[in-house]
Amino acid sequence: MSFVLRAIDGRTCPIFVCDVCEERIDRAEDGAALWLVPSRGPYTDVREILHTHKGDCFVRMELKIRELRPDFWLADLGLAEHLYCLNRNCPTENPERAERNAHSLAGE
């Protein structure tokens with residue numbers, strides 16, 4: 001599920017949802033981005049990024065991956081750092097407009 005659009009206070013908003021508990025990740029500092037890396041052989045492009053709350057949800061996902069995919073290990077990055085990297089790798093030409101539109105979507 002990870003990145004979804006939800007109606008919040010009559011507005012459609014993009015949010016991160018935990019792939020374990022399916023609850024909203026309210027703060028970037030509370031979340032983690034996770035992906036599978038082959039434990040042997042060449043490194044391949046990552047196909048899917050999972051998102052979880054740090055703590056219990058992260059541990060539950062890690063245990064599930066170990067059980068289902070023992071040939072992979074789980075790489076992770078804090079959600080705040082993940083968002084920073086995403087922004088650097090996919091910059092906007094007009095950050096002021098993006099910020100203004102984001103504030104409008106948030107009802108501010």
Side-chain angles (χ1 to χ4, degrees):
M1 186 176 290
S2 285
F3 189 71
V4 300
L5 294 173
R6 283 230 176 123
I8 300 172
D9 296 330
R11 299 176 187 278
T12 302
C13 303
I15 62 168
F16 283 97
V17 174
C18 178
D19 285 305
V20 175
C21 71
E22 298 184 359
E23 294 293 324
R24 178 180 176 175
I25 300 172
D26 291 316
R27 296 180 38 221
E29 292 77 10
D30 296 336
L34 310 102
W35 60 96
L36 298 175
V37 177
S39 57
R40 299 176 199 261
Y43 185 84
T44 58
D45 286 341
V46 174
R47 302 287 181 221
E48 181 178 9
I49 297 175
L50 305 168
H51 296 93
T52 68
H53 290 100
K54 291 180 179 177
D56 185 57
C57 290
F58 180 91
V59 171
R60 289 170 50 198
M61 179 62 78
E62 188 174 35
L63 292 172
K64 182 177 180 180
I65 295 298
R66 282 188 196 162
E67 178 184 327
L68 297 176
R69 301 297 303 264
D71 53 330
F72 283 81
W73 60 276
L74 199 58
D76 68 276
L77 186 65
L79 186 55
E81 292 79 11
H82 174 66
L83 292 171
Y84 176 82
C85 292
L86 181 62
N87 189 49
R88 292 221 23 176
N89 293 331
C90 187
T92 179
E93 292 180 9
N94 192 337
E96 293 82 15
R97 187 180 116 222
E99 183 176 2
R100 192 172 49 251
N101 289 341
H103 283 287
S104 176
L105 279 172
E108 298 172 351

Once you round to the nearest 0.5 Å, how far does [atom1] of [X] lie from [atom2] of [Y]?
X     : Y     : atom1 : atom2 : value
Asp76 : Glu62 : CG    : CD    : 8.0 Å
Leu86 : Leu77 : CG    : CG    : 11.0 Å
Leu79 : Leu34 : CG    : CG    : 10.0 Å
Leu83 : Asn87 : CG    : CG    : 8.5 Å
Leu50 : Cys57 : CG    : SG    : 12.5 Å
Met61 : His53 : CE    : NE2   : 12.0 Å

Fit a plane to each ring of Phe16 and His51, take the angle between them on a 0 to 90° scale, and name the class: parallel (under 30°), tilted (30 to 60°) or perpendicular (over 60°).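 Tilted.
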Please report the shortest heavy-atom distance between [X] and [Y], naming the atom on each side.
X     : Y     : value
Phe72 : Arg69 : CE1-NH2, 2.6 Å
Cys21 : Cys18 : N-SG, 3.5 Å
Lys54 : Gly31 : CE-O, 3.2 Å
Arg6  : Glu22 : NH2-O, 3.9 Å
Pro70 : Glu67 : CD-O, 4.0 Å

Any donor-acceptor pair under 3.5 Å from Asp19 side chain to Thr52 backbone: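 Here the side-chain-to-backbone pair does not exist.
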Verify the neighbour count for atom CD of Glu99: are there more than 12 heavy atoms of other residues, nucleotides or ligands below 6.0 Å?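 12 or below, so no.
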CA sep, side-chain torsions, deciding dist, call: Leu36, Ile65, side-chain contact (heavy atoms from CB on, under 4.5 Å): CA-CA 9 Å; Leu36 298 175; Ile65 295 298; 3.3 Å; yes
Would you check if Lys64 and Val20 make a side-chain contact, meaning some heavy-atom pair closer than 4.5 Å?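 They are not in side-chain contact.
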If you measure from the Lys or Arg side-chain nitrogens to the Asp or Glu carboxylate oxygens, is any gap between Glu96 and Arg100 under 4.0 Å?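 Answer for the salt bridge query: no.
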Please assess Ile15 against Phe3 for the test side-chain contact (heavy atoms from CB on, under 4.5 Å), listing each intermediate value before the final yes or no. CA-CA 6 Å; Ile15 62 168; Phe3 189 71; over 6 Å; no
